[in-house]
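Below you'll find the structure, written out as structure tokens, and then a few comments.
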Amino acid sequence: MGGRDVARRNTVTRRGFMRNGALALVGTSVIPSFLTRSIYAEMQKASVNKKKLVVVFQRGACDGLNVVVPYQEKNYYTMRPSIAIKQNEVLDLNGFFGLHPQMAAFKPLYDQGHLAIVHAAGSPDPSRSHFDAQDYMESGTPGVKVTQDGWLNRALQSAHEDKPSAFRAVALGTQVPRTLQGKVPAIAVANLQDFSVAGKGPQTSPISNAFQSMYDESTDAMLHGTGQETFEAVKMLKAADPASYKPAAGVVYPNGAFGNSLKQVAQLMKANLGVEAAFSDIGGWDTHQNQGAANGQLANRLKEFSESIAAFWKDMGDEAENITLVTMSEFGRTARQNGTGGTDHGHANVMFVLGGAVKGGKVYGKWPGLSDDQLNEGRDLKVTTDFRNVLAEAAYKSLGARNLQAIFPGAPVDPGTFLNLA
């Protein structure tokens, strides 16, 4: 809509459409001109900050050895007689590693150079506690339990932003995760369709009331200047009728919580409301019993995981070039299977990095080996890449965060230690 058209018309009708795929206005008869200006301001701001970071946490400790399989390691098959992925079943990557067969959706992304893999990555802290290990990875301070905020929030603090959007940091879930807690306001949304924004009062949702209260009660001058208008922008998002959102042609998300969350991340990003960082998680990786091999419990999880991420990538279309998506899990599993056909809490794991600027089609990191004398404590894959190094590079190159010591205090991370994933 050009300046002449705006001068001629101070309203947007119910059939109006914000260009660049911003917001389809459905179910509203007349939108006040001040609200139109508010939305355009958000759109202009979002167009300047195109780079976006999506973080996915696999809660429960995923078995990285059966995800990206070192199928040329003889000891891999010796230690896993009934749960190993057979050589003729893996999706070969480079003649040594192969993807689990239920991760076929990742193979084209790898072959096209969009997907990079970091094996033997993890935390230097030896904890095998889910609670502690997740806390350390989300805070970004392994071994330190008193950290008050999350690494991704600190990364956003480090990245310069003059007029941040209320949608700058978004988590798909019922509460803001540890990763995004901190000084930068973050929003947790379990379901966009339930994100009622009709105003305060007993008939509105708790999410709506809490969201508006965040601005009404804020003493932050930065928020006072834009808060109410951004809240109005949320009303516009509601008017866009989330229930009718249709992904790009040919895109089908898996029918599960994780697929639905990534579909909503795509919807928020396409709405052009200034999202810079988004967080989602997927549980069900604690495979102590009946883990399965090419089929079974882990295989089913991997299928949903990979197909959801691949759908998100395709759904974003050209905008995927501006996105970096990183996956992480608190630790891996033991190299040897246990007596109940599963694996126990281990150490190193595998991380995926997907993005338009990513130098994919490669498995990064130093492989420590799986011989008995090469294992951590005689039972786990050793960590050769600190997970903070991967996250630091993602934050540095996608968010523009430069103060890496503020993000990961005490960590040996700087541009010189990066794996050069992008």
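Just so it is clear, the model here is predicted, and its values are computed rather than measured.
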(request) Test side chain to side chain donor-acceptor pair (under 3.5 Å) on D344 and T334 and set out the steps. (result) CA-CA 5 Å; D344 298 319; T334 50; 4.8 Å; no
(request) Decide, yes or no, whether a salt bridge links D372 with R336 under the criterion of side-chain N to carboxylate O below 4.0 Å. (result) yes
(request) For Q175, look at atom CD and say whether over 12 heavy atoms of other residues, nucleotides or ligands are found less than 6.0 Å away. (result) no
Residues 93-101 side chain polar contacts: donor-acceptor under 3.5 Å, at least two apart:
| residue | atom | partner | partner atom | Å |
| --- | --- | --- | --- | --- |
| N94 | OD1 | F96 | N | 3.0 |
| N94 | OD1 | F97 | N | 2.8 |
| H100 | ND1 | Q102 | N | 3.0 |
| H100 | NE2 | A293 | O | 2.8 |

(message) I'd like to know if the side chain of S261 reaches the main chain of L172, judged simply by a donor and an acceptor atom lying under 3.5 Å from each other, with no hydrogens or angles considered.
(response) no
(message) Can you tell whether the side chains of E276 and K52 come within less than 4.0 Å, N to carboxylate O?
(response) no
(message) Main chain of A422, side chain of K397: is a donor-acceptor contact present, judged purely on distance under 3.5 Å?
(response) yes
(message) Could you measure the distance from the CD atom of E330 to the CD atom of E138? Nearest 0.5 Å is fine.
(response) 9.0 Å
(request) Looking only at non-hydrogen atoms, find the nearest pair between G341 and I83 and report the distance. (result) O-CG2, 3.7 Å
(request) Before accepting this row, confirm whether a basic side-chain N of the pair K145/D132 lies closer than 4.0 Å to the acidic partner's carboxylate O. (result) yes
Show me, pair by pair, the donor-acceptor contacts under 3.5 angstrom made by side chains of residues 250-260, not counting sequence neighbours?
| residue | atom | partner | partner atom | Å |
| --- | --- | --- | --- | --- |
| Y253 | OH | D315 | OD2 | 2.7 |

(request) Could you tell me the separation between the CD atom of Q405 and the CZ atom of R154, rounded to the nearest 0.5 Å? (result) 11.0 Å
(request) Applying ring-ring contact (aromatic ring centres under 6.0 Å, His included) between H130 and each of W285, F57, Y136, F331, report the one that passes. (result) F331
(request) Mind checking the CG-OG spacing from L109 to S306? Nearest 0.5 Å is all I need. (result) 9.5 Å
(message) Can you give me the closest heavy-atom contact between T385 and V118, atom names plus distance?
(response) CG2-CG1, 4.0 Å
(request) Count the heavy atoms belonging to other residues, nucleotides or ligands that lie under 6.0 Å from NZ of K107, then report whether that count exceeds 12. (result) yes
(message) Give me the atom names and distance for the closest heavy-atom approach of M269 to V54.
(response) CE-CG2, 3.6 Å
(message) With a 3.5 Å distance limit and no angle check, can you tell me whether R333 reaches the backbone of C62 through a side-chain donor-acceptor pair?
(response) no
(request) Would you check if F106 and F305 make a side-chain contact, meaning some heavy-atom pair closer than 4.5 Å? (result) yes
(request) Measure the shortest side-chain to side-chain distance between V350 and I117 over non-hydrogen atoms and say whether it is less than 4.5 angstrom. (result) yes
(request) For the residue pair L399 and K51, establish whether any side-chain heavy-atom pair is separated by less than 4.5 Å. (result) no
(request) For residues P142 and F387, report the shortest heavy-atom separation together with the two atoms involved. (result) CG-CE2, 3.8 Å
(message) Would you compute the distance between atom OH of Y71 and atom CG of L65 and round it to the nearest 0.5 angstrom?
(response) 15.5 Å
(message) So M328 and Q58, do their side chains get closer than 4.5 Å, heavy atoms only?
(response) no
(request) Scan residues 310-330 for pairs that pass ring-ring contact (aromatic ring centres under 6.0 Å, His included), counting only residues two or more places apart or in two chains. (result) H114-W313
(message) In the structure I gave you, are the side-chain heavy atoms of S329 and M137 within less than 4.5 Å of one another anywhere?
(response) no
(message) I'd like to know if the side chain of R168 and the backbone of L156 have a donor-acceptor N/O pair within less than 3.5 Å.
(response) yes
(request) Could you tell me which residues satisfy side-chain contact (heavy atoms from CB on, under 4.5 Å) with K86, sequence neighbours excluded, listed by chain and number? (result) N88, E89
(request) Using distance alone, with no hydrogens and no angle criterion, decide if R80 and N66 have a side-chain donor and acceptor under 3.5 Å apart. (result) yes
(request) Name all pairs fulfilling the side chain to side chain donor-acceptor pair (under 3.5 Å) condition that reach into residues 290-299, sequence neighbours left out, sorted by first residue then second. (result) D63-Q291, T287-Q291, Q291-T343
(message) Pairing donors with acceptors under 3.5 angstrom, does anything connect the side chains of N153 and Q157?
(response) yes
(message) Quick one: does any side-chain atom of D386 pair with a main-chain N or O of A121 as donor and acceptor, under 3.5 Å?
(response) no
(request) Return the minimal non-hydrogen interatomic distance between A186 and V176, and the atom names on each side. (result) O-CG2, 3.6 Å
(request) Please round to the nearest 0.5 Å and tell me the distance separating atom CG of L262 and atom CD of Q267. (result) 13.0 Å
(message) Quick test of your reading of the model: are E307 and K314 salt-bridged, counting only N-O distances below 4.0 Å?
(response) no
(request) Report yes if the side chains of L53 and V326 come closer than 4.5 Å at any heavy-atom pair, otherwise no. (result) yes
(message) Suppose the criterion is side chain to side chain donor-acceptor pair (under 3.5 Å): which pairs have a residue in residues 346-366, not counting sequence neighbours?
(response) none
(message) A cation-pi test, strictly: NZ or CZ of R402 under 6.0 Å from the centre of the six-membered ring of Y396 and no more than 45 degrees from its axis. Yes or no?
(response) yes
(message) Quiz question: by atom type and distance under 3.5 Å, do the side chains of Q134 and R59 form a donor-acceptor pair?
(response) yes
(message) For E393 versus L419, what's the shortest heavy-atom pair and its separation?
(response) OE1-N, 3.2 Å
(message) Measuring from atom CD of Q72 to atom CG of L370, what distance do you get when rounded to the nearest 0.5 angstrom?
(response) 12.5 Å
(message) Under 4.0 Å between a side-chain nitrogen and a carboxylate oxygen: does that hold for R301 and D286?
(response) no
(message) What verdict does the side chain to side chain donor-acceptor pair (under 3.5 Å) test give for T147 and T141, after you've listed the backbone C-alpha separation in whole Å, the side-chain angles of each residue and the deciding distance to 0.1 Å?
(response) CA-CA 7 Å; T147 306; T141 55; 2.6 Å; yes
(request) Please check if any side-chain donor atom of S398 sits under 3.5 Å from a side-chain acceptor atom of T324, or the reverse. (result) no
(request) Check whether any side-chain heavy atom of Y245 sits under 4.5 Å from a side-chain heavy atom of Q264, and report yes or no. (result) no
(message) What I'd like to find out is whether the side chain of N272 reaches to under 4.5 Å of the side chain of F167, using heavy atoms alone.
(response) no
(message) If the threshold is 4.0 Å, N to carboxylate O, is there a salt bridge linking D135 and R178?
(response) yes
(message) Could you check whether any side-chain N or O of Y76 sits under 3.5 Å from a backbone N or O of I85, counting only pairs where one atom can act as donor and the other as acceptor?
(response) yes
